[in-house]
Amino acid sequence: MLDHRHFHKYLSRADIETLVHDLATRINRDYEGKTVVLVGVLKGSFLFMADLVRALTVDARVEFVRMNSLGKTKESPGTVVFAKDISTDFRGKHALIVEQIIDSGRALKFLYDRLKAAGAESVEVATLLDKNDKRLVETPVKYVGRKTKDQFLVGYGLDLEESARNLAEVYFLKYPN
Ligand code: IMP
Ligand code: MG
């Protein structure tokens, strides 16, 4: 069971709404007159995707992928594979990857390369949260909601062993010493 006494609020509903609104404003401006396919990374991005896509006024489509890291251990990052690959024809289309949080950036790089290889005319990345100090693999991230230090966050899609994704706000976990 989750012990909510260790949850400390990181982003309120109002914070999230402001971040989503500001990102959507930039995306609407940058893709004016174009069609953009938002590629949500499951499972974490499902709520952010739902809020972001509803704030867009440009012609927006949605696609989802799910990636797994096989053979991941403390010593080795493992290999990224698709549990659900893209099923859209990306040739000549503008792809916008939608992530909840970016950490090492390994999964992001794998998806970025996949979309480029699928013939996307452009590939950009939008993330609500960016642990940029933790990056091991670089991919340009154009739309960042908020940069965050290395702390464990849950809620609004982010999970602790599959729990807490349904929380409407983002919390950081802090256990007493
Ligand atoms: P990476 O960038 O390939 O290392 O992996 C990023 C993924 O790790 C995210 O999509 C999340 O699923 C997970 N993740 C990273 N940081 C957190 C966190 O603070 N809370 C919950 N999940 C996280
Ligand atoms: Mg997780």
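Indexing begins at 1, ligand by ligand and atom by atom, following the structure's order.
If you run side-chain contact (heavy atoms from CB on, under 4.5 Å) between L115 and each of V39, T88, L96, V65, only V39 comes through.
Taking every non-hydrogen atom of A107 and a distance limit under 4.0 Å, the qualifying atoms of ligand 1 come out as 3 (O). Set against the non-hydrogen atoms of D159, the atoms of ligand 1 under 4.0 Å away are 21 (C). Against a heavy-atom cut-off of under 4.0 Å, R106 is close to the following atoms of ligand 1: 3 (O).
Under 3.5 Å, the side chains of Y31 and D59 contain no donor-acceptor pair of N or O atoms. In summary, the side chains of D15 and Y10 do not present any donor paired with an acceptor at a separation below 3.5 Å, with no hydrogens or angles considered.
Between K93 and E121 there is no salt bridge, since none of the side-chain N atoms of the basic residue sits less than 4.0 Å from a carboxylate O of the acidic one. In summary, K109 and D113 engage in a salt bridge, as defined by a charged side-chain N under 4.0 Å from a carboxylate O. A salt bridge between R114 and D85 is present, with a side-chain N of the basic residue lying under 4.0 Å from a carboxylate O of the acidic one.
Between H8 and F172, the ring planes lie parallel to each other; the angle is under 30°, not in the 30° to 60° tilted range.
Distance screen at 4.0 Å: atom 2 (O) of ligand 1 has a protein heavy-atom neighbour inside the cut-off. When distances from atom 8 (O) of ligand 1 to the protein are checked, no heavy atom turns up under 4.0 Å.
Put simply, part of G105 is less than 4.0 Å from ligand 1, judged by heavy atoms. Under a 4.0 Å heavy-atom criterion, Q100 is not in contact with ligand 1. In this structure, Q151 counts as a contact residue of ligand 1, since one of its heavy atoms falls inside 4.0 Å of the ligand. At a 4.0 Å cut-off, not a single heavy atom of L108 sits close enough to ligand 1 to count as contact.
Inclusion of L158 in the set of residues having an N or O under 3.5 Å from an N or O of ligand 1 is not warranted. Geometrically, ligand 1 and V154 share no nitrogen or oxygen pair separated by less than 3.5 Å. Note: an N/O pair closer than 3.5 Å links L153 and ligand 1 by distance alone.
With a 4.0 Å cut-off on non-hydrogen atoms, E99 touches ligand 1 through its side chain and not its backbone. When non-hydrogen atoms are compared, ligand 1 lies under 4.0 Å from the side chain of K131 (C-beta onward) but not from its backbone.
Remark: T139 OG1 to E99 CD distance equals 10.5 Å, nearest 0.5 Å.
With respect to atom 5 (O) of ligand 1, the closest heavy atom belonging to the protein is D103 CB, 4.0 Å. In this structure, the protein non-hydrogen atom closest to atom 23 (C) of ligand 1 is I101 CG2, 4.0 Å. Counting protein heavy atoms only, atom 4 (O) of ligand 1 is closest to S104 OG, 2.6 Å.
A donor-acceptor pair under 3.5 Å is absent between the side-chain atoms of S45 and the main chain of F48, judged by distance alone.
Nearest approach of G155 to V170, heavy atoms of both residues: O-CG2, 4.2 Å.
Counting just the N/O/S atoms of D159, the one with the shortest distance to the Mg ion (ligand 2) is named OD1.
Considering only heavy atoms from C-beta on, K147 stays 4.5 Å or farther from D133 through its side chain.
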